Amino acid sequence: DTGVSQDPRHKITKRGQNVTFRCDPISEHNRLYWYRQTLGQGPEFLTYFQNEAQLEKSRLLSDRFSAERPKGSFSTLEIQRTEQGDSAMYLCASSPLMGYEQYFGPGTRLTVT
Amino acid sequence: AQTVTQSQPEMSVQEAETVTLSCTYDTSESDYYLFWYKQPPSRQMILVIRQEAYKQQNATENRFSVNFQKAAKSFSLKISDSQLGDAAMYFCAYRSPLSNTGNQFYFGTGTSLTVIP
């Protein structure tokens, strides 16, 4: 068990470009979560998958954001037409179906210039 | 929605001493779970300790213990015999009981802990 992994670890992009992040959860973890963390703040919930179904989305997840988990394993988070306000750390977490803790990945730091 | 408040943005402690980090939360639920996570400078969040609201006994994990006051909606973390490796950002988090929805964590804004050698 190698833990939750995220790729890339860092991404610098110009405003208006599209970016995609990947998260590989701990194997056999049914639940997968995306959070956004800005400087000086705690993580804020974006969206949640149970297997391949996206069961919940935060109001923070504007229509420029889309997330998928097509086969119930890895997940992708895409941001279209990035804005400077999108600069943040994007964290992925996973948990087993009946587990209470969430296991976090190292995050992808996005910088929009 | 649930809210979590950490009123101490920064704390410091001498190595080998004890420090307490504060957390309060607001909820109308009677059953829930509370967590303390540690986020070292490398930024990967690590679970420190967990408390189930239905348990009256305070959780303990080695040098880490909590003081859970359900009526006061308070959940503080005590670190005993502080070590240099304890230096990190500490987040208090709340979650509702397991269900198909509402499983996200609500985090506080964090407390940055410095350990002085």
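Order of the sequence lines sets the chain letters (A, B, ...), proteins ahead of strands, with each chain counted from 1. All values derive from a computational prediction rather than experimental measurement.
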task = May I ask you to check if Arg95(B) and Tyr100(A) form a cation-pi contact, with NZ or CZ under 6.0 angstrom from the six-membered ring centre and within 45° of the axis?
result = no
query = Any donor-acceptor pair under 3.5 Å linking the side chain of Thr108(A) with the backbone of Pro8(A)?
reply = yes
key: Per-residue contacts, residues 67-82 of chain B versus chain A, heavy atoms under 4.5 Å   = none
ask   = If you measure from the Lys or Arg side-chain nitrogens to the Asp or Glu carboxylate oxygens, is any gap between Arg22(A) and Asp24(A) under 4.0 Å?
value = yes
request  = Can you check whether anything in residues 47-55 of chain B gets within less than 4.5 Å of chain A, heavy-atom wise, and list it by number?
outcome  = Leu47(B), Arg50(B)
ask   = Salt bridge or not for Glu78(A) and Arg64(A), using N-O below 4.0 Å?
value = no
note = In this structure, CZ of Arg69(A) is separated from CH2 of Trp34(A) (nearest 0.5 Å) by 11.0 Å
inquiry  = With a 3.5 Å distance limit and no angle check, can you tell me whether Thr82(A) reaches the backbone of Gln17(A) through a side-chain donor-acceptor pair?
reply    = yes
key: Side chain to side chain, Trp36(B) and Leu21(B), heavy atoms closer than 4.5 Å   = yes
inquiry  = Donor-acceptor pair, distance only, cut-off 3.5 Å: does the side chain of Thr27(B) make one with the backbone of Glu29(B)?
reply    = yes
ask   = Do the side chain of Ser58(A) and the main chain of Phe45(A) share a donor and acceptor less than 3.5 angstrom apart?
value = yes
task = Output the option from Gln6(A), Glu101(A), Gln41(A) having the highest count of non-hydrogen pairs under 4.5 Å with chain B.
result = Glu101(A)
task = Answer yes or no: is there a side-chain heavy-atom contact under 4.5 Å between Ile46(B) and Pro40(B)?
result = yes
inquiry  = Non-hydrogen contacts under 4.5 angstrom with chain A: give the residues of residues 107-117 of chain B involved, or none if there are none.
reply    = Phe107(B), Gly108(B), Thr109(B)
key: N/O donor-acceptor pair under 3.5 Å between Gln8(B) side chain and Ser22(B) backbone   = yes
task = With sequence neighbours left out, write down each residue that passes ring pair (Phe, Tyr, Trp, His ring centres under 6.0 Å) with Tyr37(B), or none if nothing qualifies.
result = Phe104(A), Phe105(B)
ask   = Once the angle between the rings of Tyr90(A) and Phe21(A) is folded into 0 to 90°, is it parallel (under 30°), tilted (30 to 60°) or perpendicular (over 60°)?
value = tilted
